[in-house]
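Heads up: the structure comes next, in structure tokens.
When reading the values below, keep in mind they use all heavy atoms of this one structure, side chains included, and skip hydrogens, waters and symmetry mates. Protein chains get the first letters and strands the later ones, always in sequence-line order, with residue 1 at the start of each.
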2 protein chains.
Amino acid sequence: MNAIRTARQRARDELTREIKAEARRQVVAEGPQRLSLRSIARDLGMASSAIYRYFPSRDDLLTALIIDAYDSLGAAVEDVESHVPRENIRARWQALCAGARSWARQHNHEYALIYGSPVPGYRAPEDTIAPASRVAGVLGQLLADGWQAEVLRPVRAPSLRPELAEQARHVATVIAPGVPPEVLAQALIAWTQLFGMVSFELFGHLVGSADPADEFFDHAVECMADVMGLPPA
Amino acid sequence: MNAIRTARQRARDELTREIKAEARRQVVAEGPQRLSLRSIARDLGMASSAIYRYFPSRDDLLTALIIDAYDSLGAAVEDVESHVPRENIRARWQALCAGARSWARQHNHEYALIYGSPVPGYRAPEDTIAPASRVAGVLGQLLADGWQAEVLRPVRAPSLRPELAEQARHVATVIAPGVPPEVLAQALIAWTQLFGMVSFELFGHLVGSADPADEFFDHAVECMADVMGLPPA
DNA sequence: TCTCCTTCGAGATCACTGCTCACGTTCATG
DNA sequence: CATGAACGTGAGCAGTGATCTCGAAGGAGA
């Protein structure tokens, strides 16, 4: 709150950053499994017990990295998508997908951290939902824009059962105001499809089939755009 | 090769089974992270070093569990799907999806083992592709049957670029002989969508949106059936 | 300025882990 | 029957996350 911070607090913030930086280095290099508090302490020239002044446990440090990773992914997607003309809804969706995939391929282990198996017993979702919904927000905005501009074609799909309609309505109010639940349900499908594909590619489940996944990815992105009713071109 | 096995070999097989069983028990109870060779040895009343006579490392034991999990999932899906009339292609697809999801929900940690982040540095895929493709085979057979019976409607989708067409053709020869690459590309999409959804549900990425995921899952399954061109009803 | 309380880092320690090795034993086979 | 491979044991190595005590340092109020 106070802009002026004591020397102690500045040192604390800096060390917290350094610990996270070193931890991220280790995760990037060798994966979340190999992250070791002791080796972080060694590299930072401090006692291993000192780390616990900054992070109460290894899992908490990992959770901090998870939040950062969500944020980094969100920023990357936002950046890529923002360079596309606002009126070209389909191109914005393509950019979103390409941005997400590209970030994932460049940050292999960090992607696994957030979209792989949940590492700790169970991590508190409260701190993660905000940064996690960042890229969801991009999709929502894109849909809202398209809906307002009346370029979204109504999709031909099975009608929603009541609970799903309610869920979709709720998501719409949070992320894409004005967009009808039918469209949002399709967006949810595209959503899971996108990350399902990226996960399959990164985790090696496409080796026997669509191994260089570029064309498959592009193809699926177009299909998903159609599923959501995005206008062509 | 010889049907008659020595007492030593019988003991070895039995112990191998017991080690795996205890390991699976631990993974089911506490997740792959907590799997400990020493505690397995304790529970089996043997020295920890003895485990290494049966599995050269912890990762090898995990790999064995992964293969078993693939097999278990494959068997479950095959079983569910086989109880559906062969001519009802869409119902077979629905059964496949429901079977996979139900298995995943019942075998949370084992699902994470195979479709979560790859645990070891890198596991040899050679031993895993056979059991992994088991449930893919079910989908392939279903498509092949539908194609032969001429009930698969040609799908309206972007035409395949050459490499993807080649990949789809190759997958078709292995898994769904006779099925054209266009259909198989759509099946690949449905494939990644299915496991993307299940992963999202199990890993908690749907909490804010489609939390009881039943209706969303069913809805997506229908959409995917349409995307593949499966006949209605 | 001086005191007192909080914060911090160091080091020892605990209870684990995966893994290796030398050692005797047990079994199967030439 | 003898010999070599397979087996189980226990000690030991190197490493881990986490806890605790203790002395040093910082910061705020008197």
Distance, rounded to the nearest Å, where A/F55 contributes CZ and C/dC8 contributes P: 13 Å
Exercise: do B/Y115 and A/S199 side chains pair donor with acceptor under 3.5 Å: no
Check: D/dG15 base within 3.5 Å donor-acceptor of A/R38 side chain: no
B/S57 (side chain) and C/dG18 (base): donor-acceptor pair under 3.5 Å: no
Pairwise 5' ranking along DNA chain D for A/Y52 and B/S48, keeping only the more 5' one: B/S48
Whole-Å gap separating P (C/dG9) and CG (A/L37): 15 Å
Selection from D/dG26, C/dT17, D/dG10 that lies nearest to any side-chain heavy atom of A/R8: D/dG26
Any B/R42 side-chain N or O less than 4.0 Å from OP1/OP2 of C/dT17: yes
A/S49 or B/R58, whichever maps to the more 5' nucleotide of DNA chain C: A/S49
Any donor-acceptor N or O pair under 3.5 Å, side chains B/T192, A/Q193: yes
Phosphate OP1/OP2 of C/dC8: any A/R12 side-chain N/O under 4.0 Å: yes
Separation of C/dT17 C1' from B/D43 CG (nearest whole Å): 16 Å
Parallel, tilted or perpendicular: ring planes of B/Y111 versus B/F195, cut at 30 and 60 degrees: parallel
Side-chain donor-acceptor pair present, B/T63, B/D60, cut-off under 3.5 Å: no
Rounded interatomic separation in angstrom, taking CD1 from A/I51 and P from C/dC8: 13 Å
Proximity to the side chain of A/Y54 - top-ranked nucleotide from C/dC8, D/dT9, C/dA28: C/dC8
First encountered from the 5' end of DNA chain D, between A/R53 and A/S39: A/S39
B/M46 side-chain proximity, nearest of D/dT9, C/dT17, C/dC19: D/dT9
